[in-house]
Amino acid sequence: MNDLSMNNPKAKFTVWLIVFILIGGAFYWYLIRPQFLQIKDLEKQISVKEEKLATLQLAREREKSLLDENKQLEDRITVLQKILPSERNEFLFGEEFQTVAKLCGVKIENLNFSTRGVKGAPSNSVPFTLTISADKLEKINWFFVHTSVFPQIISLTNINISKGSASQGGFSPMQSKGTRYTVNMNGVIYLSGRK
């Protein structure tokens, strides 16, 4: 029993050691540990905010490039609008028909644009008549394939194909032999230079 008395230095040391351990454990558990947990929570919040900030910075950089692209496109549109007339332009579309005809190996005999508009169609939409001729039906077909994707043609209202000899059409003597196909077509075209 003498070993347990408080006068014994070993017992005092043991008791003080236990008290210090308990106080240190309580200090860690109730003061330091919550601080560590709070620091971890704050680090998570900081990482989330940093991700958002990085996303916003990327968006801001992208916004600058998009605004620059938009400005360049607006400048190009302005230049193109100055080049292309907004009013009806028969010459421009006559040239396009000539280019398609040359590409397909057909000859344009006649091309007319009416001065009157079409009821219910957009403004600058007018009827047109076109007469073409070729020595092979495949060339005519090829011309139709190209004109079917012609963006300004609204509709074709009448197509008439006839077959005759090359000498009847008044062609050169080099073409006097063989057959000549002639196509008359009527339709509606949008005659605006701004396509």
How long is the span from the [atom1] atom in [X] to the [atom2] atom in [Y], to the nearest 0.5 Å?
X	Y	atom1	atom2	answer
Thr157	Met185	OG1	CE	10.5 Å
Phe128	Leu156	CZ	CG	5.5 Å
Leu73	Asp68	CG	CG	11.0 Å
Glu51	Leu56	CD	CG	12.0 Å
Glu95	Leu111	CD	CG	10.5 Å

Identify each donor-acceptor pair in which a side-chain atom of residues 35-46 lies under 3.5 Å from a protein atom, sequence neighbours left out, and give them as a table.
unit_1, atom_1, unit_2, atom_2, d
Asp41, OD2, Gln45, NE2, 3.4

With [X], which residues qualify under side-chain hydrogen bond (donor to acceptor under 3.5 Å, both in side chains), at least two apart?
X	value
Ser65	Arg62
Thr129	none
Asn112	Asn110
Asn184	Thr131

> side-chain contact (heavy atoms from CB on, under 4.5 Å) with Thr99: which residues, sequence neighbours excluded?
Replying inline: none
Could you check whether any side-chain heavy atom of [X] comes within less than 4.5 Å of a side-chain heavy atom of [Y], counting everything from C-beta outward?
X	Y	result
Phe113	Leu130	no
Asn141	Leu137	no
Phe144	Ile159	yes

>> The criterion is salt bridge (Lys or Arg N to Asp or Glu O under 4.0 Å); which residues satisfy it with Lys71, sequence neighbours excluded?
In response: Asp75
> Ile161 and Val106: same hydrophobic cluster, using ILVMFWY side-chain contacts below 4.5 Å?
Replying inline: yes
> Can you get from Val15 to Leu17 by hopping between Ile, Leu, Val, Met, Phe, Trp and Tyr side chains that sit under 4.5 Å apart?
Replying inline: no
> Of all residues at least two apart in sequence or in a different chain, which pass the ring-ring contact (aromatic ring centres under 6.0 Å, His included) check with Phe143?
Replying inline: none
> How are the rings of Trp142 and His146 set relative to one another: parallel (under 30°), tilted (30 to 60°) or perpendicular (over 60°)?
Replying inline: perpendicular
Kindly give the cluster partners of [X], where membership spreads through any ILVMFWY side chain lying under 4.5 Å from a current member.
X	result
Trp29	Tyr30
Leu58	none
Ile18	Leu22

Where do [X] and [Y] come nearest, in terms of heavy atoms and distance?
X	Y	result
Ile108	Ala101	CG1-CB, 3.7 Å
Ile140	Ser133	CD1-C, 4.4 Å
Gly105	Ala134	O-CB, 4.2 Å

> Which salt bridge (charged side-chain N to carboxylate O under 4.0 Å, His left out) pairs, counting each pair once, include a residue from residues 130-150, with sequence neighbours left out?
Replying inline: Asp135-Lys139
> Between Lys64 and Glu69, does a side-chain contact (heavy atoms from CB on, under 4.5 Å) hold up when you go through it step by step?
Replying inline: CA-CA 9 Å; Lys64 280 185 177 181; Glu69 276 183 46; over 6 Å; no
